[in-house]
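The block underneath contains the structure these notes are about, expressed in structure tokens.
Only this structure's heavy atoms are used, side chains among them; waters, hydrogens and symmetry mates stay out.
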Amino acid sequence: MAADRTVLNAKINRFRAKVFNMVSTGVIDEPINRFYDVLSIVALCLNLFAAFAITFDYMEEHYKGLLLAIEGVTTFFFAIDYVLRLLTANELYPKLPEGKSLCKYIFSFSGLIDLLSFLPYYLPVFFPAGTSVFKLFRVARILRLFRINSYYDQLNVITEVIMSKKQQLLASGFIILILMMAASLCMYSVEHEAQPDVFQNAFSGIWWATSTLLTVGYGDIYPVTLTGKILGIIISFLGVGMVAIPTGIISAGFVEQYQKLKTVGDYAEEENIHFIRVILSTNDKWVGKKIIELGLPKDVMIVAVQRKKDTIIPRGQTVLEVGDLVVMCAEKTKEIQPIDLKEITINEGHSWNGVAIKDIDISRQSYIFMVRRKGKAMVPKGNLVIKAGDIVLLYEKHLKNEFV
């Protein structure tokens with residue numbers, strides 16, 4: 001019985017891993033995963049189209065039934081997607097117990113967005129009185145567009161900029177908040193006696209300060225006394241400068257990030273240099289040898305050695321030690337045939353899991369040249385069995401058409 005239960009659990013884990021690969025955005029190693037990604041994007045686009053189109057009188061009059069059907073079907077798809085993500089939450093957070101991984105996904109930003117993308121659609125069935133409020137929450141489905149970030153690296157720059165500048169943004173936001181509160185209290189003190197119905201309390205001053213500092217200027221609240229007008233002019237000037245701070249921070253972050261990407265790309269294209277990092281372990285033959293004794297090819301150069309917290313500029317007489325991080329570089333050779341390097345992470349549901357390398361069906365022009373298991377590199381011998389958690393490195397040669 002115990003053996004049967006173990007086999008059953010293994011099958012369940014494999015199935016759950018396959019489902020996780022399917023619902024994970026950007027995992028396209030199998031046709032069903034690519035199909036699910038396309039289906040998710042199409043469902044989201046159709047859902048948003050229906051939500052916008054039904055607000056037009058002509059579309060509602062002629063195509064209301066079709067638009068409601070599209071919304072119903074796509075929302076049901078969102079509900080199924082959420083259930084599948086709940087079932088595979090442990091694959092998303094494998095280091096946590098199943099209950100904690102489930103809770104972490106439910107209360108994560110993406111989990112809440114996934115929940116709000118379908119739940120408000122069904123809540124009016126159980127709570128008819130709150131239909132208008134539930135419709136407001138249905139707007140959250142548009143936030144599912146953030147999943148498209150996984151397909152386009154350039155869109156991730158937005159997140160990277162905000163994360164890298166979060167301290168500066170928080171500081172500027174705190175300064176703006178202080179200025180807003182000070183402006184509201186000052187204006188309330190000056191204008192309350194002149195127009196008590198308008199500046200009734202400090203909150204009225206906050207509304208005026210917000211509309212003024214953010215240059216919205218609705219005009220429903222404004223100072224009428226001379227002192228209030230002078231104070232309003234000063235606060236307006238301060239507001240233009242203070243609100244421009246976070247804008248400048250984000251703009252500078254975008255410029256820095258794109259400049260960094262451009263610099264790295266231009267350097268890689270102009271110099272055609274590849275860098276490799278190697279950490280020396282106890283059994284490596286380089287340990288205890290001088291760099292001059294390694295016999296490296298003439299086109300390969302050791303450019304740095306990281307030893308604990310120190311960076312050593314390598315000389316010929318530098319002796320390598322266990323734990324050294326050796327950084328090597330080599331010039332890209334243009335004469336050889338182009339090679340595509342691929343890195344494949346094996347999980348429970350992968351078709352290679354539990355299969356020996358000699359039995360893996362791959363192209364004749366594809367070669368497995370390394371298997372990394374728990375951080376250690378392994379020689380890909382034919383009898384080596386691939387396991388879940390392994391990282392398989394392979395390359396593919398592109399044969400030139402010699403008959404043209």
Kindly indicate, with the supporting measurements, whether the criterion side-chain hydrogen bond (donor to acceptor under 3.5 Å, both in side chains) is fulfilled by Lys358 and Asn383. CA-CA 6 Å; Lys358 64 180 181 179; Asn383 294 325; 3.2 Å; yes
Here the gap from Lys285 atom NZ to Leu294 atom CG, rounded to the nearest 0.5 Å, amounts to 12.5 Å
Here's a test for you: under ring pair (Phe, Tyr, Trp, His ring centres under 6.0 Å), which of Phe76, Tyr82, Phe78 qualifies with Phe118? Tyr82
Test side chain to side chain contact (heavy atoms under 4.5 Å, CB included) on Leu92 and Ser101; report intermediate values, then the result. CA-CA 8 Å; Leu92 183 61; Ser101 62; over 6 Å; no
If you draw a 6.0 Å radius around CE in Met301, do more than 12 non-hydrogen atoms from other residues or ligands fall strictly inside? no
First locate atom CG of Asp81, then atom OG of Ser40, and finally report the distance between them rounded to the nearest 0.5 Å. 5.5 Å
Counting neighbours of CD1 on Ile178 that are heavy atoms of other residues, nucleotides or ligands and sit closer than 6.0 Å, is the number greater than 12? yes
Would you say Thr88's side chain and Glu91's backbone share a donor-acceptor pair under 3.5 angstrom? no
May I ask you to test the Leu384-Val371 pair for a side-chain heavy-atom distance under 4.5 Å? yes
Taking all heavy atoms of Pro380 and all of Ile368, pick out the closest pair and write down the distance. CG-O, 3.3 Å
Do any side-chain atoms of residues 321-329 form donor-acceptor pairs under 3.5 angstrom with protein atoms, and if so which ones, sequence neighbours left out?
residue: Asp324; atom: OD1; partner: Arg307; partner atom: NE; Å: 2.9
residue: Asp324; atom: OD2; partner: Arg307; partner atom: NE; Å: 3.3
residue: Asp324; atom: OD2; partner: Arg307; partner atom: NH2; Å: 2.7
residue: Asp324; atom: OD2; partner: Glu321; partner atom: N; Å: 2.7

Minimum heavy-atom separation for Leu231 to Cys186, with atom names? CD2-CB, 3.5 Å
Option passing side chain to side chain contact (heavy atoms under 4.5 Å, CB included) with Trp286 (candidates Leu280, Ile291, Val319): Leu280
Measuring only between side-chain heavy atoms, which start at C-beta, is Ile302 closer than 4.5 Å to Leu296? yes
Would you mind reporting whether Leu86 and Ile106 have side-chain heavy atoms less than 4.5 Å apart? yes
Candidate pair Thr345 and Ile391, rule side chain to side chain contact (heavy atoms under 4.5 Å, CB included), full reasoning: CA-CA 5 Å; Thr345 301; Ile391 298 177; 4.3 Å; yes
Just wondering, do Val392 and Ile346 contact through their side chains at under 4.5 Å, heavy atoms? yes
Can you see which heavy atom on Leu102 is nearest to which on Ala89, and at what distance? CA-CB, 3.9 Å
So, does Thr55 use its side chain to make a donor-acceptor pair with the main chain of Phe52 at under 3.5 Å? yes
For Glu60, give me all partners under side chain to side chain donor-acceptor pair (under 3.5 Å), at least two apart in sequence or on another chain. none
With sequence neighbours left out, the residues meeting side chain to side chain donor-acceptor pair (under 3.5 Å) with Arg372 are none
Gln167: side chain to side chain donor-acceptor pair (under 3.5 Å) partners, not counting sequence neighbours: none
Under the side chain to side chain donor-acceptor pair (under 3.5 Å) rule, collect the residues that match up with Ser251, sequence neighbours excluded. none
Would you give the length of the straight line joining atom OH of Tyr121 to atom CD of Glu71, rounded to the nearest 0.5 angstrom? 5.5 Å
Within-4.5 Å side-chain heavy-atom neighbours: Thr225 and Glu191: yes
How about CD1 on Ile292, more than 12 heavy atoms from neighbouring residues, nucleotides or ligands closer than 6.0 Å, or not? no
Taking the side chain as every heavy atom from C-beta outward, state whether Pro246 and Ile176 have any atom pair closer than 4.5 Å. yes
Would a distance-only check, ignoring hydrogens and angles, find a side-chain to backbone donor-acceptor pair under 3.5 Å from Asp390 to Lys387? yes
Is the count of non-hydrogen atoms from other residues, nucleotides or ligands lying under 6.0 Å from Tyr93 atom OH greater than 12? yes
What distance separates Arg85 CZ from Phe20 CZ, expressed to the nearest 0.5 Å? 8.5 Å
Looking only at heavy atoms, the pair that brings Phe199 and His192 closest together is O-ND1, 2.8 Å
Rounded distance [0.5 Å steps], CD1 in Ile344 versus CD1 in Ile386: 9.5 Å
Applying salt bridge (charged side-chain N to carboxylate O under 4.0 Å, His left out) as the test, list every pair that has at least one member in residues 14-23; sequence neighbours left out. Arg16-Glu98
Side chain to side chain, Asp284 and Ser281, heavy atoms closer than 4.5 Å: yes
The reported gap from OG in Ser117 to CG in Leu112 (rounded to nearest 0.5 angstrom) is 11.0 Å
For the pair Phe77 and Tyr36, name the ring-plane relationship: parallel under 30°, tilted 30 to 60°, perpendicular over 60°. tilted
Is there side-chain contact between Ile54 and Leu68, with heavy atoms separated by less than 4.5 Å? yes
